[in-house]
Amino acid sequence: EVQLQASGGGLAQAGGSLRLSCATAGFAFDDYAIGWFRQAPGKEREGVSCISSNEYRTDYADSVKGRFTISSDHAKNTVYLQMNSLKPEDTAVYYCAAVYPSPGSSWHLPIVYDYWGQGTQVTVSS
């Protein structure tokens, strides 16, 4: 059974940090790219970041460049999203998703992803 378990969300103050984790199981983690998406109330789901299967490529939305860092631990089949300098506009439900093969420039499109996890809420107060 394919599983993607997002965790690490919570309440943070503006300027603070959170680290999200996406623990996976049930598929060949080493072959898949993992993306992070977020969805705020009343808005469409948007791509936040993606890391390719062999980590040769990482992508970020312009809105999070320089603040968020994606990384992966292949020993734990887990991908992390370190979020620093948080802003109120980062408030959303964050989701992780997996896709094979690595999507290249289409990383930000939810439709290309094969598997999705449940979301974790991130709330940033001003």
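Only a predicted model underlies this, so the values are computations on that prediction, with no experimental measurement involved. The chain is numbered in sequence order, starting from 1.
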Tell me whether Val99 shares a hydrophobic cluster with Tyr60, the cluster being built from Ile, Leu, Val, Met, Phe, Trp, Tyr side chains joined at under 4.5 Å.
no

Checking the side chain of Tyr113 only, and the main-chain atoms of Trp107 only, is there a donor and an acceptor separated by less than 3.5 Å?
yes

Using 30° and 60° as the class limits, which term best fits the ring planes of Tyr32 and Tyr100: parallel, tilted or perpendicular?
tilted

So, for Val2 and Gly26, which heavy atoms are closest and what is the spacing to 0.1 Å?
CG2-O, 3.6 Å

Assess Arg45 against Phe37: is NZ or CZ under 6.0 Å from the centre of the six-membered ring, and within 45 degrees of the ring's axis?
no

Would you please indicate yes or no on a ring centroid separation below 6.0 angstrom for Tyr115 and Phe27?
yes

If we only count heavy atoms from C-beta on, is the Leu81 to Val48 side-chain gap below 4.5 Å?
yes

Give me the atom names and distance for the closest heavy-atom approach of Ser72 to Ile51.
OG-CD1, 3.8 Å

Taking all heavy atoms of Ser17 and all of Asn84, pick out the closest pair and write down the distance.
OG-OD1, 2.9 Å

Hey, what do you get for OH (Tyr95) to SG (Cys22), rounding to the nearest 0.5 Å?
13.5 Å

Is there a side-chain contact (heavy atoms from CB on, under 4.5 Å) between Ser105 and Arg57? Walk through the geometry before answering.
CA-CA 10 Å; Ser105 60; Arg57 175 173 177 154; 4.2 Å; yes

CD (Glu89) with more than 12 external heavy atoms under 6.0 Å:
yes

For the residue pair Ser126 and Ala14, what are the closest heavy atoms and their distance?
CA-CB, 4.2 Å

Sidechain-backbone polar pair: Gln118 side chain, Ala6 backbone, donor-acceptor under 3.5 Å:
yes

Taking the side chain as every heavy atom from C-beta outward, state whether His108 and Cys50 have any pair of such atoms under 4.5 Å apart.
no

Heavy-atom donor-acceptor pair, Thr120 side chain to Ser7 backbone, under 3.5 Å:
no

Nearest 0.5 Å, please: how far is OG in Ser49 from OH in Tyr80?
15.0 Å

Option from Thr91, Leu18, Leu11, Val93 for which side chain to side chain contact (heavy atoms under 4.5 Å, CB included) with Val122 holds:
Leu18

Calculate, to the nearest 0.5 Å, the distance between atoms OG1 and CD1 belonging to Thr58 and Ile34 respectively.
14.0 Å

Output the distance between atom CE (Met83) and atom CZ (Phe68), rounded to the nearest 0.5 Å.
5.0 Å

Just wondering, do Lys43 and Arg38 contact through their side chains at under 4.5 Å, heavy atoms?
no

Heavy-atom closest pair, residues Ala12 and Leu86
CB-CD1, 3.9 Å

Any donor and acceptor pair, going by atom type alone, linking the side chain of Ser102 with main-chain N or O of Ser53 inside 3.5 Å?
yes

Distance in Å, Gln82 CD paired with Arg67 CZ, rounded so as to fall on 0.5 Å steps:
12.0 Å

Please assess His74 against Asp30 for the test side-chain contact (heavy atoms from CB on, under 4.5 Å), listing each intermediate value before the final yes or no.
CA-CA 7 Å; His74 286 258; Asp30 290 350; 2.6 Å; yes

Val112 and Ser106: which non-hydrogen atoms are nearest, and at how many Å?
CG2-O, 3.7 Å

Lys87/Asp90 under salt bridge (charged side-chain N to carboxylate O under 4.0 Å, His left out): CA gap, chis, key distance, verdict:
CA-CA 5 Å; Lys87 303 176 180 180; Asp90 294 320; over 6 Å; no

Look up atom CD1 in Ile70 and atom CH2 in Trp36, then write down how far apart they are to the nearest 0.5 Å.
8.0 Å

Is it true that a side-chain atom of Ser63 and a backbone atom of Ala61 form a donor plus acceptor pair closer than 3.5 Å?
no

